[in-house]
Amino acid sequence: MRTSSHQHPQTSSSSQTKMAGSSSGHRQHEQQQIEILTSVQLQRLKEHKYSVECNTILDPYLQVFWRWLVEQLPRHWAPNTITLLGLVCNIVTSLILIYYSPSAVENPPQWSCILFGLGLFVYQSLDAVDGKQARRTNSSSPLGELFDHGCDSVSTVFLVLSYCCMIGVGHNLHALMAMVLGSLFVFYCAHWQTYCTGTLYFGKVDVTEAQVSMMVSSLATGFLGPQIWDITIPRLDIQLRMIPVIMGCGGGFLSLISTFETIHKGGKGKNGSTVAETSVLSPFAPIAILITLCIMIAKKSPSSLYSTYPCLYLIAFGMCAAKITNRLVVAHMSKSEFGLLDSAMFGPLLLFLNQHLNCPIHEIFILVGCLIYCTYDLLNYQVIVFRQMADYLNINIFSLGPRTTPDKKSH
């Protein structure tokens, strides 16, 4: 903060000392603030332009509703506030389902299934109109894009896991892990592709179609009861709950084929490199290590940690995956190198080390600690990065209008 250059000649020396001490203390506080982004990254983030290609089947029809909806929102609502409201709504309704079905095998109350569908509808709608609100209020910024992707990375964890709880996928723990890890990997790879090409691509059948199908099935479950997923399909000899699993995994696999074909063709940088002119394969290692640890720890657990606490286990690893994805998004937007190591890995590595030492500490305590640490690490990273960007761009995160600086207040 700059101090005023106009000083009164009658000011006492003690008052001047206090003012100098206060100013010095404020400067020390600013210096003590942790910074993640460099000045070069911040400048590149400021210059970043959002690029997307969307060809989904349902988007053109839903755009009519979304354009109407944004006109109903107050103009003083900041886009990031809208995004956050949608995320909170999604997490709350998801946690209610997880609470009633912590092992993903219990039948949750029918009202919680309807509530989940409504929460997903609110989340999808607000997530679709936040960008329109930004353009409507002339407040578009790279911070809004980063904030949106950051919220989506967290939402993916709870959305897929709670849906699996609703239809009882926990009866097949391998299918449950495949659904959650698969969705996190597909989301990560979408941003990996963006890191290479500079453009975010959506296929004909993508996230919008998946969310609509989840809404429909959640409402059907709410009205007919979760026991409908226990029905065995004749001739196929599988329960109805496996149909969404097969469709989800199959759709994800097809999406990955398209993604890897694009990555294989080369990136936008020099000699087919990424936008940061690094190897297009550089983002593979962090997510591969995380998924490997998740599977190994579950398989080698002497206390059957995953099968006993499947939701807790997957949320912990989901928060770690969200942190890594956030770093990848920042690397893309700032055209910077994506590092192999991540502080979020500390949690899963503790679980692995504890097993290697024959579990001197009960695994459930390490798992809870892992969940708390990974969640804190993710939120701490997001808060610091969002604050740095807001300071650099001189904008507010959750409100519109010019930023009020201390200098202006002093006059």
Side-chain angles (χ1 to χ4, degrees), residues 86-105 108 112-113 115-124 127 149-191 202 205-218 221 226 229 241-256 287 290-291 294-295 298 306 309-326 371 374-375 378:
L87 176 65
V88 170
C89 184
N90 183 29
I91 290 179
V92 170
T93 54
S94 295
L95 285 176
I96 291 173
L97 264 180
I98 295 171
Y99 172 79
Y100 282 107
S101 184
S103 300
V105 295
S112 66
C113 302
L115 188 64
F116 170 72
L118 294 175
L120 177 53
F121 172 74
V122 171
Y123 167 72
Q124 183 195 63
D127 188 47
H149 292 322
C151 289
D152 288 342
S153 68
V154 176
S155 172
T156 302
V157 181
F158 291 96
L159 185 61
V160 177
L161 180 59
S162 55
Y163 180 77
C164 289
C165 290
M166 182 184 71
I167 66 176
V169 181
H171 289 284
N172 186 326
L173 288 171
H174 295 300
L176 178 62
M177 182 175 286
M179 281 285 283
V180 177
L181 290 185
S183 62
L184 295 176
F185 186 61
V186 169
F187 183 80
Y188 179 89
C189 287
H191 289 285
F202 292 96
V205 179
D206 215 286
V207 62
T208 301
E209 288 71 23
Q211 289 176 345
V212 170
S213 66
M214 293 169 78
M215 289 181 220
V216 172
S217 57
S218 64
T221 306
W229 299 105
R241 64 171 54 90
M242 293 306 297
I243 298 300
V245 173
I246 294 171
M247 292 179 64
C249 291
F253 181 73
L254 294 175
S255 175
L256 288 175
I287 195 68
L290 180 64
I291 291 176
C294 183
I295 296 172
Y306 170 59
Y309 307 99
C311 289
L312 197 65
Y313 187 88
L314 292 172
I315 292 175
F317 279 88
M319 292 296 99
C320 187
K323 164 67 185 308
I324 296 173
T325 306
N326 272 254
L371 172 59
C374 289
T375 303
L378 167 65

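Counting all heavy atoms, side chain and backbone alike, Met179 lies closest to Val160 at O-CG1, 3.7 Å. Scanning all heavy atoms of the two residues, the minimum distance from Gly170 to Val105 falls at C-CG1, 3.3 Å. Closest of all the heavy-atom pairs between Phe158 and Val154 is CD1-O, 3.4 Å. The two residues Ala321 and Leu184 come nearest to each other via the heavy atoms CB-CD1, 4.1 Å. Across all their heavy atoms, Val157 and Gly318 have their closest contact at CG2-O, 3.5 Å.
In this structure Tyr123 satisfies the side-chain hydrogen bond (donor to acceptor under 3.5 Å, both in side chains) test together with Asp152, Ser155, sequence neighbours excluded. Residues passing the side-chain hydrogen bond (donor to acceptor under 3.5 Å, both in side chains) test with Thr93: none are found, sequence neighbours excluded. The ring-ring contact (aromatic ring centres under 6.0 Å, His included) search around Phe185 returns none, not counting sequence neighbours. For the side-chain hydrogen bond (donor to acceptor under 3.5 Å, both in side chains) test, no residue two or more places apart in sequence or in another chain qualifies with Glu209. Residues passing the side-chain hydrogen bond (donor to acceptor under 3.5 Å, both in side chains) test with Ser153 are Asn326, sequence neighbours excluded. Residues forming a ring-ring contact (aromatic ring centres under 6.0 Å, His included) with Tyr99 (at least two apart in sequence, or on another chain): none. For Phe253, the side chain to side chain contact (heavy atoms under 4.5 Å, CB included) partners two or more places apart in sequence, or in a different chain, are Ile257. Residues satisfying the ring-ring contact (aromatic ring centres under 6.0 Å, His included) criterion with His149, sequence neighbours excluded, are His191. Scored by the side chain to side chain contact (heavy atoms under 4.5 Å, CB included) test, Ser101 finds Glu106, Cys165 as partners (sequence neighbours excluded). Under the side chain to side chain contact (heavy atoms under 4.5 Å, CB included) criterion, Leu173 pairs with Leu176, Tyr306, Ser307, Pro310, not counting sequence neighbours.
Summarising the geometry, atom CG belonging to Leu120 is positioned 8.0 Å from atom OG belonging to Ser94; distances are rounded to the nearest 0.5 Å. Here the CD atom belonging to Gln124 is positioned 3.5 Å from the CE atom belonging to Met215, to the nearest 0.5 angstrom. From Ile91, atom CD1 reaches atom CD1 of Ile96 across 12.5 Å, with rounding to the nearest 0.5 Å. Note: Cys113 SG to Met166 CE = 5.5 Å, rounded to the nearest 0.5 Å. Between atom OG1 of residue Thr156 and atom CG of residue Leu161 there is a gap of 12.0 Å, rounded to the nearest 0.5 Å. Summarising the geometry, atom OG belonging to Ser162 is positioned 9.0 Å from atom CD1 belonging to Ile315; distances are rounded to the nearest 0.5 Å.
Here the side chain of Ser112 pairs no donor or acceptor atom with the backbone of Pro108 at under 3.5 angstrom.
Two residues are said to be in side-chain contact when any heavy atoms from C-beta on lie closer than 4.5 Å; Cys374 and Cys320 meet this criterion.
Evaluated for a side chain to side chain donor-acceptor pair (under 3.5 Å) with Tyr163, the options Ser217, Ser218, Ser213 yield exactly one hit, Ser217.
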> Gln211 and Leu159: side chain to side chain contact (heavy atoms under 4.5 Å, CB included), yes or no, with the steps?
Replying inline: CA-CA 9 Å; Gln211 289 176 345; Leu159 185 61; 4.3 Å; yes

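Here side-chain hydrogen bond (donor to acceptor under 3.5 Å, both in side chains) pairs that include residues 166-177, with residues two or more places apart or in two chains, number zero. Identified under the side-chain hydrogen bond (donor to acceptor under 3.5 Å, both in side chains) test for residues 309-323, with sequence neighbours left out: Lys323-Asp342, Lys323-Ser343, Lys323-Asp377.
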